[in-house]
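First comes the structure, then the notes that go with it.
Hydrogens, waters and symmetry mates are skipped; everything else that's a heavy atom, side chains included, is used. Sequence lines set the chain letters: A, B, ... in the order given, protein chains first and strands last, and positions in each chain run from 1.
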Amino acid sequence: MLIATWNVNSIRVRLPRVLDWLREMVPDALLLQETRTPDEFFPQRELQNMGYQSLSHGEKSYNGVAILSRLPMEVTELYLPGAEDDKQARYLEVLLDGNVRIASLYLPNGNPSGSEKFAYKINWMTRLYEHARALLQTGHAVILGGDYNVCPTDDDVYAPEQWADNALCRFEARKAFQDILLLGYCDAFRVFHRTPGEYTFWSYQGGAWSHNMGLRIDHLLLSPKAAERLEDSGIDKRPRGRARASDHAPVWCRLREIL
DNA sequence: ATGCCTTGCGGAGCAAGA
């Protein structure tokens, strides 16, 4: 079972790139972030023609998440639990093929550090921690994938000293990320790749891509039941080098089928 | 030292991203 996550930075602009990638990799499920499109304009039909059912939780202009799947899925959560008043489209969770809980999440950026936005980010991470803990009790394998807007360590940043005070690298954000790992979740990419300098995002500005000045902020976190089935993982950098690319690259993991 | 791109909105520049 191949599962991937990709911040596409507008699904309407990126649709040809997404269709290309579905053709190449044929993932069983693809988690999308920053679709930046209301549900009624989500390109459901084009994806259906490729054999993918899609569920979108979008909003106008900003945010927006979606899940594409070749396997049957049913919605389990449309919002991250823990705040009735938070209506930003940043979370969507499904039960995939009757046995895997999968969430597509777009964690708040939080810049500038110390601002109201930063407080919202940390609060969101606290809610994610609580929900991640609750999901462990469901008995399902759980995959929490998406744009976490967190560089877990300095190995995940091209210039750690420059980024030390950025909301993506601040202690409070890293601590909240580590707390989720301490529940028993694993960072699927780091199981197979230990070297620094592996990134999932490169700014459009200043030749960041050509100089590999990037950040590793897109992650697939696996519960123990999912992690015991983990066979391989990776970052597919090819789409970042193509015309009209997203500034993020897809991250994927492969799980053994249940025996 | 964020604003050297990109996108959305809306019909010119500004907000937001990370």
Inset, instruction - Please confirm whether any donor atom in the side chain of A:Asp247 sits under 3.5 Å from an acceptor in the base of B:dT6, or the reverse. - result: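 Donor-acceptor pair under 3.5 Å: no.
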Legend entry - DNA chain B contacts made by residues 204-215 of chain A, counting heavy atoms under 4.0 Å: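 Within residues 204-215 of chain A, the residues near DNA chain B are A:Tyr204, A:Gln205, A:Gly206, A:Leu215.
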Inset, instruction - Would you jot down, in residue-number order, the residues of residues 31-40 of chain A having a non-hydrogen atom under 4.0 Å from DNA chain B? - result: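 Heavy-atom contacts with DNA chain B come from A:Glu34, A:Arg36.
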Rounding to a whole Å, what distance do you find between [X]:[atom1] and [N]:[atom2]?
X	N	atom1	atom2	answer
A:Ile11	B:dG8	CD1	C1'	15 Å
A:Asp147	B:dA16	CG	P	17 Å
A:Phe201	B:dT6	CZ	C1'	11 Å
A:Glu59	B:dT7	CD	C1'	15 Å
A:Phe118	B:dG17	CZ	P	14 Å
A:Leu168	B:dG17	CG	C1'	10 Å
A:Asn9	B:dC9	CG	C1'	15 Å
A:Trp163	B:dG3	CH2	C1'	12 Å

Legend entry - Residues forming a salt bridge (charged side-chain N to carboxylate O under 4.0 Å, His left out) with A:Glu228, sequence neighbours excluded: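 Once residues adjacent in sequence are excluded, A:Glu228 has no partner under the salt bridge (charged side-chain N to carboxylate O under 4.0 Å, His left out) criterion.
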Inset, instruction - Would you please name every residue forming a salt bridge (charged side-chain N to carboxylate O under 4.0 Å, His left out) with A:Arg194, sequence neighbours left out? - result: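 Not a single residue meets the salt bridge (charged side-chain N to carboxylate O under 4.0 Å, His left out) criterion with A:Arg194.
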Inset, instruction - Among A:Leu31, A:Val251, A:Val18, find the one that has a side chain to side chain contact (heavy atoms under 4.5 Å, CB included) with A:Trp6. - result: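 Exactly one candidate clears the test, A:Val18.
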Who passes side chain to side chain donor-acceptor pair (under 3.5 Å) against [X], sequence neighbours left out?
X	result
A:Arg36	A:Asn9
A:Glu77	none
A:Trp21	A:Asp236

When all nucleic acid strands are considered with a 4.0 Å heavy-atom cut-off, which category describes [X]: base, sugar-phosphate, or nothing?
X	result
A:Tyr148	nothing
A:Lys117	sugar-phosphate
A:Asp218	nothing
A:Asn63	nothing
A:Asn149	sugar-phosphate

Considering only the [atom1] atoms, how many Å lie between [N] and [M], rounded to the nearest integer?
N	M	atom1	value
B:dC14	B:dG10	C1'	11 Å
B:dC4	B:dA15	P	14 Å
B:dA1	B:dA12	P	36 Å

Legend entry - Shortest side-chain distance from A:Arg244, nucleotide among B:dT7, B:dT2, B:dG17: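 Taking heavy atoms from C-beta onward, the closest nucleotide is B:dT7.
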Legend entry - Nucleotide nearest A:Ser61 (side chain, heavy atoms from C-beta), chosen from B:dG8, B:dG17, B:dT2: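 Within the option list, the nearest is B:dG8.
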Which pairs of donor and acceptor atoms, one on a side chain in residues 171-184 of chain A, lie under 3.5 Å apart (sequence neighbours left out)?
| from | atom 1 | to | atom 2 | distance (Å) |
| --- | --- | --- | --- | --- |
| A:Glu172 | OE1 | A:Arg170 | NE | 3.2 |
| A:Glu172 | OE2 | A:Arg170 | NH2 | 3.0 |
| A:Arg174 | NE | A:Cys151 | O | 2.8 |
| A:Arg174 | NE | A:Cys169 | O | 3.3 |
| A:Arg174 | NH1 | A:Asp154 | OD1 | 3.0 |
| A:Arg174 | NH2 | A:Thr153 | O | 3.3 |
| A:Arg174 | NH2 | A:Asp154 | OD1 | 3.1 |
| A:Lys175 | NZ | A:Asp179 | OD1 | 3.2 |
| A:Lys175 | NZ | A:Asp179 | OD2 | 3.0 |

Inset, instruction - Would you check if A:Tyr199 and A:Asp156 make a side-chain contact, meaning some heavy-atom pair closer than 4.5 Å? - result: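 No, every pair of side-chain atoms sits at 4.5 Å or beyond.
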Legend entry - 5' priority, DNA chain B, between A:His248 and A:Ser10 [closest heavy atom]: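 Looking at the nearest nucleotide for each, A:Ser10 comes out on the 5' side.
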Legend entry - B:dT7 OP1/OP2 closer than 4.0 Å to side-chain N/O of A:Arg12: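 So the side-chain polar atoms of A:Arg12 never come under 4.0 Å of the phosphate oxygens OP1 or OP2 of B:dT7.
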Inset, instruction - Examine B:dC5: is either OP1 or OP2 under 4.0 Å from a nitrogen or oxygen in the side chain of A:Ser203? Give yes or no. - result: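 So the side-chain polar atoms of A:Ser203 never come under 4.0 Å of the phosphate oxygens OP1 or OP2 of B:dC5.
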Inset, instruction - Evaluate whether atom CD of A:Glu40 has more than 12 neighbouring non-hydrogen atoms of other residues, nucleotides or ligands under 6.0 angstrom away. - result: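 It does: A:Glu40 CD has more than 12 such atoms within range.
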Legend entry - Residues, nucleotides or ligands: over 12 heavy atoms within 6.0 Å of A:Glu84 CD: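 Open.
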Legend entry - Qualifying ring-ring contact (aromatic ring centres under 6.0 Å, His included) pairs with a residue from residues 49-80 of chain A, counting only residues at least two apart or across chains: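 The answer is A:His57-A:Tyr79.
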